[in-house]
Amino acid sequence: MGTIRLVLGDQLSETLSALDDGDPGSDVIVMAEVQDEATYVKHHKKKIAFLFAAMRHHAKALEETGWTVQYFKITDDDGPASIEEACKRVIESSGFDRLIITKPGEFRLLSQMQSWSETLNVSVELREDTRFIASLDDFADWAKGRKQLRMEYFYRDMRKSTGILVNSDAEPEGGEWNYDQANRKSLPKSKLTPERFLPEPDATTRAAIDDVEACFSDHFGDSDPFFFATTKNGAEDCFDHFINDILPGFGDYQDAMAKDEPWMWHSLISMYLNCGLLDPLDVCRRAERSYENGKAPINAVEGFIRQVLGWREYVRGLYWLKMPDYKETNALDADRPLPEFYWTGETDMMCMAQAIGQTKKYAYAHHIQRLMVTGNFALLAGISPEEINDWYLSVYADAYEWVELPNTHGMAIYADGGVMASKPYAASGSYINKMSDYCSGCSYDVKQKMGEGACPFNLLYWDFIARNEGKLRNNPRMGLIYGNLDKRDPDDIAQIREEAASFLNELN
Ligand code: FAD
Ligand code: DLZ
Ligand code: SF4
């Protein structure tokens, strides 16, 4: 008797543990576009269209290699509402009694699947997802006995274990493990950003976009312009373009932001890596080759590899090590509802309008926009972790909880109380002014610390520091900041806090 093998929307890799040892002649693969996955948070329209198009292409590629794929489209009459229901239907139609699954990327779905052998009355085998560079056991071994789980030390171990950017004396290429200090230039006015190669949708992708417009018209975001590749070859072309034309400049301006410049020198590959169209070890090796061939400098190549080999693997390990309790933490007792402008982009704050406007149009914003603009605002304003986590999970084409949650809950809003970051990434308007040209076109004045027209980030920053004094003053990395607070005139701080309160009240 054959076996049923499930392939989820973010499991579109050429090799997947659920398909190992499969027999294309007798087994059936299930793939399903379903309401439950598209709406457990109301995902951006472009994200759903991207996944549905990539799933349709992948199903066709699997069929071309001889597999039988039972594919459910979102527009099918009486289609299944959930992945479980799709599996149930294939179990009933095939009569097979064995279901093999690669573990999903979200705790929510894994806990549902753990009861499927009972609810579906078949044998269910959940296999590890082997599409990462470190296994979850590797991460747990690394974390064991450590007081602090800092990414930098994990990353160095990953460099050593893979040999990436490590020379024959086991020393880091270029002499340093980390070139972060050389990744922080702001963009000079005279510097032009590179032209981007952005693919056009083919007929399959266009049909998926139309289906999503028809079924999820009330979801956030614009379907057009659609510029994601939806096949493995297409994603490879995009990555080739990055390696050849963009990577050499990646290092210098990694933390920079500029008006109407959504891409800068970023790679735009997270959506492909996270659904399986690109392989993380392969992209690191190809970046390393650019350094070896003298085509890209060390600060660019190390900076890129640190993101994929370091941060991406680290957040995944942390998520599975700490869930489910991780999500429930709220170290700073933040409880403010998410302001409406996160959905509309309509705000006088130029930096927020830019980051949210791009998110709405592209289902993409680069890291510093996510961390230091929308994330920083949420941290300073004390937005409820649940609401801001759900926002990040729904609005980006690359968002799955294993990667979104540690970045938002841990890195951006410090709700985990320091598991991930040694101190909150709180910043006033001067950081945004230093790293971008946003402030020059803003109705607020970034130089003004209080009073009419003062930049809200300036008000909220000191309000945040004063409000959380009981929780943060003893953090050794916050000593300088609390020293500065102590030097400020208490009347000024009281006025700033009053102005911050009235700004926040108006948001609601
Ligand atoms: P580049 O800047 O070119 O970086 C190269 C690659 O490195 C990325 O494609 C990505 O795979 C990896 N990477 C970089 N930074 C991180 C990081 N901090 N964590 C994990 N991987 C990283 N990334 C997601 O993939 N999905 C998310 O849902 C997500 N949510 C985020 C939420 C917040 C609040 C923050 C601060 C960051 C989030 N990130 C997320 C990380 C990062 O912002 C994106 O990976 C990056 O912006 C994707 O764009 P890019 O491919 O152009 O990346
Ligand atoms: C994100 C997503 C969406 C929008 N739709 C589907 C879908 O219809 N079918 C599917 O198999 N997967 C989808 N996904 C991806 C899943 O939500 C993802 O596999 C889990 O969240 C685990 O990472
Ligand atoms: Fe943002 Fe303040 Fe600058 Fe305006 S002045 S863009 S609100 S940092």
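None of the values given here were measured: they were computed from a predicted structure. Remember, it's 1-based here, ligands and their atoms both numbered in the order they're listed.
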Open item on the list: Assess, by modelled atom type and distance only, whether the side chains of Thr359 and Tyr396 contain a donor and an acceptor separated by less than 3.5 Å.
Closed with: yes

- [ ] Ignoring hydrogens and angles, state whether a donor on the side chain of Asp416 or Tyr326 is under 3.5 Å from an acceptor on the partner side chain.
- [x] yes

Open item on the list: When you compare ligand 2 with Arg108, is there at least one nitrogen or oxygen pair between them that comes in under 3.5 angstrom?
Closed with: yes

TODO: Please verify whether a non-hydrogen atom of Met55 lies at under 4.0 Å from ligand 2.
DONE: yes

Open item on the list: Any nitrogen or oxygen of Ala32 lying under 3.5 Å from a nitrogen or oxygen in ligand 2? Just yes or no.
Closed with: yes

Task: Cationic tip of Arg108 above Tyr40 ring, under 6.0 Å, 45° of axis - done: yes

Open item on the list: So, taking the atom named CE in Met55 and the one named CD1 in Ile48, what distance separates them when rounded to the nearest 0.5 Å?
Closed with: 11.5 Å

Open item on the list: Contact between Pro104 and Trp402 at the side-chain level, heavy atoms closer than 4.5 Å - yes or no?
Closed with: no

Task: Side chain, backbone, both or neither: the part of Ile269 lying under 4.0 Å from ligand 1 by heavy atom - done: both

- [ ] Answer yes if the side chains of Ser430 and Ser428 hold a donor-acceptor pair under 3.5 Å, and no otherwise.
- [x] yes

- [ ] Using distance alone, with no hydrogens and no angle criterion, decide if Thr205 and Thr230 have a side-chain donor and acceptor under 3.5 Å apart.
- [x] yes

Open item on the list: Heavy-atom pairs closer than 4.0 Å: do any link ligand 2 to the side chain of Ile83, the backbone, both, or neither?
Closed with: side chain

Task: Close side-chain approach of Arg312 to Pro280, heavy-atom, < 4.5 Å - done: yes

Task: ligand 2 contact by Tyr40, heavy-atom criterion under 4.0 angstrom - done: yes

Open item on the list: Counting only heavy atoms closer than 4.0 Å, does ligand 2 sit against the backbone of Phe52, its side chain, both, or neither?
Closed with: side chain

Task: ligand 2 versus Leu8: contacting region, heavy-atom distance under 4.0 Å - done: both

Task: Heavy-atom nearest neighbour of atom 45 (O) of ligand 1 within options Pro406, Ala365, Ser270, Gly375 - done: Ser270

TODO: Could you tell me which atoms of ligand 3, counted from 1 in the order shown, lie closer than 4.0 angstrom to a heavy atom of Val446?
DONE: 5 (S)

Task: Closest approach of any protein heavy atom to atom 6 (S) of ligand 3, naming residue and atom - done: Cys351 N, 3.5 Å

Open item on the list: Heavy atom to atom 28 (O) of ligand 1, shortest distance: which of Ser394, Gly310, Ala399 holds it?
Closed with: Ala399

TODO: Check each heavy atom of Met411 against ligand 1 and say whether those closer than 4.0 Å belong to the side chain, the backbone, both or neither.
DONE: side chain

- [ ] For this output row, return yes or no: ring centroids of Trp462 and Phe457 closer than 6.0 angstrom.
- [x] no

Task: Heavy atom of the protein closest to atom 2 (Fe) of ligand 3 (residue, atom name, distance) - done: Cys455 SG, 2.4 Å

- [ ] Measure from NZ or CZ of Arg370 to the centre of the six-membered ring of Tyr392, then state whether that distance is under 6.0 Å and the direction lies within 45° of the axis.
- [x] no

Task: Per-residue contact class, Met31 against ligand 2 - non-hydrogen pairs under 4.0 Å - done: neither

Task: Validation row: Tyr431, Ile368 side chains within 4.5 angstrom (heavy atoms) - done: yes

TODO: May I ask you to check if any N/O/S atom from Cys442 comes under 2.8 Å of atom 4 (Fe) of ligand 3?
DONE: yes

Open item on the list: Is it the case that ligand 2 has an N or O less than 3.5 angstrom from some N or O of Gly105?
Closed with: yes

Open item on the list: At under 4.0 Å between heavy atoms, is it the side chain or the backbone of His366 that contacts ligand 1, or both, or neither?
Closed with: backbone

Task: Mode of Glu37 contact toward ligand 2 - side chain, backbone, both, neither (heavy atoms, under 4.0 Å) - done: both

TODO: Give yes if a backbone or side-chain nitrogen or oxygen of Gly9 is under 3.5 Å from a nitrogen or oxygen of ligand 2, and no if not.
DONE: yes

Task: Winner among Asn407, Val315, Ile413, Ile388 once heavy atoms are compared against atom 17 (C) of ligand 1 - done: Asn407

- [ ] Would you check if atom 3 (Fe) of ligand 3 lies under 2.8 Å from any N, O or S atom of Cys439?
- [x] yes

TODO: May I ask you to decide if Ser394's main-chain N or O and His44's side chain share a donor-acceptor pair within less than 3.5 Å?
DONE: no

- [ ] Would you mind running through ligand 3 and noting each atom that sits below 4.0 Å from a heavy atom of Tyr444?
- [x] 5 (S)

Open item on the list: Among Trp263, Phe197, Tyr364, exactly one meets ring-ring contact (aromatic ring centres under 6.0 Å, His included) together with Phe227. Which residue is that?
Closed with: Trp263

